[in-house]
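Structure record follows, encoded as structure tokens.
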Amino acid sequence: MRQSECLAMILAGGKGSRLGVLTKNVAKPAVLFGGKYRIIDFTLSNCRNSGIDTVGILTQYQPLELNWYIGNGSSWDLDSEHGGTFVLPPYMNDMDSSNWYQGTADAIYQNLNFLDLIDPPYVLVLSGDHIYRMDYGAMLAFHKKHRAQATVSTLRVPLAEASRFGIMNADAEYRITEFEEKPSHPKSDLASMGIYIFDTAVLRRYLVEDAARTDSEHDFGKNILPRMIADNVPVYAYPFEGYWKDVGTFESLWQANMDLLSDTPPLSLNDPDWRIYSGNQSLPPHYVGPEGSLVSSLAGEGAVIQGRVEHSVIFYDVTVEAGATVTDSVVMPGTVIEAGATVEHAILGERCRVRAGAVVRGTGCAIKVYGNDAVVLPADAADSAAADKGV
């Protein structure tokens with residue numbers, strides 16, 4: 001195999017527990033988004049568009065659907081003979097034990113043999129569960145220009161939200177002087193995006209040292225990066241300016257979908273120079289019937305719209321029957337909304353059926369959520385309580 005200058009390692013084993021019923025049977029990176037995509041499509045497309053042709057995908061929680069979806073990487077043009085896509089689950093590494101990945105750093109440590117096989121000068125560590133477009137080549141150029149041994153992609157966040165992130169301080173030359181993972185009292189608004197580039201030799205040394213420590217959580221933000229900074233390793237902050245969202249809650253997932261619905265969305269899916277690729281369905285174009293309407297919305301292939309859909313994301317193979325209304329909602333594949341039903345401010349999982357006359361309605365910041373295969377009957381107190389729990 002030809003040596004790659006930069007190997008991408010995508011951490012894609014997250015459980016996504018805050019997404020509740022939507023990640024009951026799939027890993028968070030496999031959650032559906034935007035009418036035709038899965039969350040991991042954005043990271044994989046960024047790799048393809050950035051010219052990174054060798055990608056390791058580290059899976060763990062509920063990997064079956066994600067593995068099936070990724071296949072050999074051909075949907076993202078990541079199946080070249082000189083590179084390729086490699087799914088890397090935890091595996092037995094001696095005669096009598098097997099280890100789940102214990103943290104982000106441990107996941108890479110357990111695959112050092114894969115790094116040795118590829119033997120890249122640089123390793124790009126990514127998360128598979130964020131929505132954004134980014135040129136990793138520009139970040140690598142920044143890493144080289146500053147002669148960094150580790151580079152962290154960063155963005156400014158509201159100070160009130162900074163405790164949710166890894167927060168750092170950096171000098172005028174972007175060199176990081178302090179790094180705290182999710183501090184109770186943030187000293188800065190400069191947040192880590194969970195995207196790192198390392199010189200491979202330096203990364204290997206710190207991973208091996210970390211693996212031997214019993215007091216470590218084996219995490220990049222909590223352990224590896226703070227130790228590098230304490231050891232005076234040149235660690236730099238790459239300033240990212242653009243749309244980026246961690247869709248780790250119902251509210252953030254819903255909002256990221258809604259962000260697509262304008263004439264000038266903050267995240268464009270229509271840029272011919274930066275396509276977002278996906279494993280497409282072989283379905284006919286969507287159809288809007290004589291009494292149907294589709295206003296400020298996205299509709300996937302095979303959708304049949306006989307009712308009214310406004311400011312919503314409708315996935316492929318969805319049916320909205322005559323007289324039904326869908327507003328400010330995300331409706332996932334195979335769902336049927338029967339005649340006269342109302343869906344507002346909601347997320348409906350795959351293959352749901354909203355019966356005729358039923359009302360699904362979120363209020364304020366509370367998104368009404370149903371998981372896969374749910375059946376919603378005409379509203380009564382029991383149905384409303386169940387829906388609030390996201391059944």
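Note: hydrogens, waters and symmetry copies are ignored here, and every other heavy atom, side chains too, is used.
When the options Y206, Y136, F220 are evaluated for a ring-ring contact (aromatic ring centres under 6.0 Å, His included) with Y196, the one that passes is F220. Only one option out of D210, D106, T104 pairs with H218 in a side-chain hydrogen bond (donor to acceptor under 3.5 Å, both in side chains); it is D210.
With no hydrogens or angles considered, no side-chain donor-acceptor pair links W274 and D135 at under 3.5 Å. Looking only at atom types and distance, the side chain of R48 has a donor-acceptor partner in the side chain of Y277 under 3.5 Å away.
When atom types are taken as modelled, the side chain of Q60 and the backbone of Y101 share a donor-acceptor pair closer than 3.5 angstrom. Of the possible polar contacts, none joining the D119 side chain to the L115 backbone as a donor-acceptor pair under 3.5 Å is found. The backbone N or O of S252 lies less than 3.5 Å from a partner atom in the side chain of T249, making a donor-acceptor pair. Checking side-chain atoms of S74 against main-chain N and O of N72 turns up no donor-acceptor pair under 3.5 Å. Of the possible polar contacts, one joining the E321 side chain to the A339 backbone as a donor-acceptor pair under 3.5 Å is found. In this structure, S4 contributes its side chain and C6 its backbone to no donor-acceptor pair below 3.5 Å. Between the side chain of T335 and the main chain of R353, no donor-acceptor pair closer than 3.5 Å is present. Under the 3.5 Å distance criterion, the side-chain polar atoms of D219 are matched with a main-chain donor or acceptor of G221. In terms of modelled atom types and a separation under 3.5 Å, the side chain of S50 and the main chain of C47 share no donor-acceptor contact. Side-chain atoms of S188 come within 3.5 Å of backbone atoms of L190 as a donor-acceptor pair (strictly under, hydrogens ignored).
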Inset, instruction - Test side-chain contact (heavy atoms from CB on, under 4.5 Å) on D79 and T85 and set out the steps. - result: CA-CA 6 Å; D79 58 340; T85 302; over 6 Å; no
Inset, instruction - Could you check R204 against D116 for salt bridge (Lys or Arg N to Asp or Glu O under 4.0 Å), going step by step and ending with a plain yes or no? - result: CA-CA 10 Å; R204 166 180 271 280; D116 292 341; 2.6 Å; yes
Legend entry - Verdict with supporting geometry, L207 and I224, side-chain contact (heavy atoms from CB on, under 4.5 Å): CA-CA 7 Å; L207 289 178; I224 301 295; 4.2 Å; yes
Inset, instruction - Mind running side-chain contact (heavy atoms from CB on, under 4.5 Å) on S127 and H130 for me, showing each step along the way? - result: CA-CA 7 Å; S127 172; H130 298 150; 3.7 Å; yes
Inset, instruction - Output, in order, the C-alpha distance, side-chain angles, deciding distance and verdict of salt bridge (Lys or Arg N to Asp or Glu O under 4.0 Å) for K187 and E178. - result: CA-CA 10 Å; K187 302 175 184 177; E178 186 177 16; 2.8 Å; yes
Inset, instruction - Using the side-chain contact (heavy atoms from CB on, under 4.5 Å) rule, take M9 and L126 through it: C-alpha gap first, then chi angles, then the decisive distance, then the call. - result: CA-CA 6 Å; M9 297 287 277; L126 303 166; over 6 Å; no
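Residue D263 qualifies as open at atom CG: its count of foreign heavy atoms under 6.0 Å is 12 or below. Residue-environment remark: CD (Q255) exceeds the threshold of 12 foreign heavy atoms within 6.0 Å. Within 6.0 Å of atom CG in L283, more than 12 heavy atoms from other residues, nucleotides or ligands are found, so the atom counts as buried in its surroundings.
A salt bridge links D246 with K28: at least one charged nitrogen is closer than 4.0 Å to a carboxylate oxygen. A salt bridge links K144 with E5: the closest approach of a Lys/Arg side-chain nitrogen to an acidic carboxylate oxygen falls below 4.0 angstrom.
Between M193 and L155 the shortest heavy-atom distance is CG-CD2, 3.2 Å. Here the shortest heavy-atom pairing between N46 and R133 reads OD1-CA, 3.4 Å. Taking both residues in full, the closest heavy atoms of L78 and D53 are given as CD2-CA, 4.2 Å, listed atom of the first, atom of the second, then distance. Scanning both residues, A237 and T154, for their nearest heavy atoms gives CB-CG2, 3.9 Å. Closest approach of Y61 and T23 over heavy atoms only: OH-O, 2.8 Å. Heavy-atom minimum distance, L32 versus M332: O-CE, 3.8 Å.
Hydrophobic clustering (side-chain heavy atoms under 4.5 Å, transitive across Ile, Leu, Val, Met, Phe, Trp, Tyr) keeps I195 apart from I229. F86 and L11 fall within a single hydrophobic cluster, where Ile, Leu, Val, Met, Phe, Trp and Tyr are joined by side-chain heavy atoms under 4.5 Å apart, directly or via other members. Linking ILVMFWY side-chain heavy atoms closer than 4.5 Å, directly or via other members, places L124 and L112 in two distinct hydrophobic clusters. Cluster annotation: I52 and L58 are assigned to distinct hydrophobic clusters (Ile/Leu/Val/Met/Phe/Trp/Tyr, side-chain heavy-atom contacts under 4.5 Å, transitive).
Counting heavy atoms from C-beta outward, M168 and V235 have side chains that stay 4.5 Å or more apart. With a 4.5 Å cut-off on side-chain heavy atoms, M134 and M139 count as touching. Using a 4.5 Å cut-off on side-chain heavy atoms (C-beta onward), D259 and I131 make no contact. Between F198 and Q149, the closest side-chain pair of non-hydrogen atoms is not below 4.5 Å. Using a 4.5 Å heavy-atom cutoff, the side chains of V304 and Q306 are in contact. The closest side-chain heavy-atom distance from V343 to T327 is not below 4.5 Å. Inter-residue side-chain proximity for I40 and I70 is flagged as met; some heavy-atom pair is nearer than 4.5 Å. With a 4.5 Å cut-off on side-chain heavy atoms, R38 and S278 do not count as touching.
Interatomic distance, CD1 of I10 versus CD1 of I57, reported as 5.0 Å (0.5 Å rounding). For the atom pair CG of L203 and CD1 of I108, the computed distance is 7.5 Å after rounding to the nearest 0.5 Å. Rounding to the nearest 0.5 Å places OG1 of T200 at 7.5 Å from CG of L7. Once rounded to the nearest 0.5 Å, the distance linking CG of L269 with CD1 of I276 reads 6.5 Å.
Contacts classified as ring-ring contact (aromatic ring centres under 6.0 Å, His included) and involving residues 23-45 (residues at least two apart or in different chains) are given here: F33-F42, Y37-F42. Annotation: ring-ring contact (aromatic ring centres under 6.0 Å, His included) contacts involving residues 143-181, sequence neighbours excluded, comprise Y122-H143, F142-H146, F142-Y174, H146-Y236.
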N/O donor to acceptor pairs below 3.5 angstrom from side-chain atoms of residues 307-319, sequence neighbours left out:
from : atom 1 : to   : atom 2 : distance (Å)
R308 : NE     : E310 : OE1    : 3.4
R308 : NH1    : S293 : OG     : 3.3
R308 : NH2    : E310 : OE1    : 2.8
H311 : ND1    : D328 : OD1    : 2.9
S312 : OG     : E310 : O      : 3.0
S312 : OG     : D328 : N      : 3.1
S312 : OG     : S329 : N      : 3.0

